[in-house]
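What you see is a predicted model; the values in this text were computed from it and never measured.
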Amino acid sequence: MLRAVKIGIVTESFLPQINGVTNSVLRILEHFRDRGHEAMVVAPGDGPAEYAGAPVMRVPAVPLPVYRSFPIALPTRQVDRALRDFRPDVVHLASPTVLGGMGAIAAQRLDVPAV
């Protein structure tokens, strides 16, 4: 039997936004929960603080000028802090742009692989 792992997910899109990225992240969170893995999510803007047993850490965001319902994360040290405190075995970057870039840098600082 495989050991349980800790997965930090840094996503550019999450609830309440509904799109392909959000739906993919929701499904992998359910998959991780069902297999006994521990996950946490870093996501932009306001929304639920938990999904499928995984805490969701929210970072400040501003709406994209041409697509106001899509928040873009602002640079913040919260991503570093959240991942350092969670101590993941791996960091999953979901559709990485601004927030994903911060997640990749944080994973590198923590010497944790990122996918």
Which heavy-atom pair separates Leu15 from Leu26 by the least distance, and what is that distance?
-> CD1-CD2, 3.8 Å
Identify all side-chain donor-acceptor contacts of residues 48-56 below 3.5 Å with residues at least two apart in sequence or on another chain.
from  : atom 1 : to    : atom 2 : distance (Å)
Glu50 : OE2    : Ala52 : N      : 3.3
Glu50 : OE2    : Gly53 : N      : 2.4
Tyr51 : OH     : Glu30 : OE2    : 2.3

Is atom CG of Asp46 surrounded by more than 12 heavy atoms (other residues, nucleotides or ligands) closer than 6.0 Å?
-> no
Common cluster, Met40/Ile7, ILVMFWY with side-chain heavy-atom separation under 4.5 Å = no
Could you pull out all residues at least two apart from Thr76 that satisfy side chain to side chain donor-acceptor pair (under 3.5 Å)?
-> Gln78
Decide yes or no for Val115 and Val91: does some side-chain heavy atom of the first lie under 4.5 Å from some side-chain heavy atom of the second?
-> no
For residues 99-115, which residue pairs qualify under side-chain hydrogen bond (donor to acceptor under 3.5 Å, both in side chains), counting only residues two or more places apart or in two chains?
-> Asp80-Arg109
N/O donor-acceptor pair under 3.5 Å between Lys6 side chain and Phe86 backbone | yes
Would Val21 and Leu93 show up in the same hydrophobic cluster when neighbours are defined by side-chain heavy atoms closer than 4.5 Å?
-> no
Which atom of Met57 lies closest to which atom of Ala82, heavy atoms considered | CE-CB, 3.6 Å
Residues 81-102 vs side-chain hydrogen bond (donor to acceptor under 3.5 Å, both in side chains), sequence neighbours excluded, gives Glu12-Thr97
Exercise: do His31 and Arg35 side chains pair donor with acceptor under 3.5 Å = yes
Verify the cluster assignment for Val25 and Ile18: are they in a single hydrophobic cluster under the rule of side-chain heavy atoms below 4.5 Å apart?
-> yes
For Gln17, side chain to side chain donor-acceptor pair (under 3.5 Å) partners two or more places apart | none
Can you name the closest pair of heavy atoms from Ala61 and Pro71 and give their distance?
-> CB-CB, 3.6 Å
In one Ile/Leu/Val/Met/Phe/Trp/Tyr side-chain cluster, 4.5 Å: Val79, Val112 | yes
Measuring from Phe32:CZ to Glu38:CD, what's the distance to the nearest 0.5 Å?
-> 12.0 Å
Please round to the nearest 0.5 Å and tell me the distance separating atom CG of Leu74 and atom CG of Leu99.
-> 10.0 Å
Is there any salt bridge (charged side-chain N to carboxylate O under 4.0 Å, His left out) pair reaching into residues 90-105, and which pairs are they, with sequence neighbours excluded?
-> none
Nearest non-hydrogen partners of Ala107 and Ala114, listed with the distance = CB-CB, 4.0 Å
What about Val5 and Leu29, same hydrophobic cluster or not, with Ile/Leu/Val/Met/Phe/Trp/Tyr joined at side-chain heavy-atom distances under 4.5 Å?
-> yes
Over all heavy atoms of both residues, which pair between Pro88 and Leu83 is shortest? Give the atoms and the distance, please.
-> CD-O, 3.1 Å
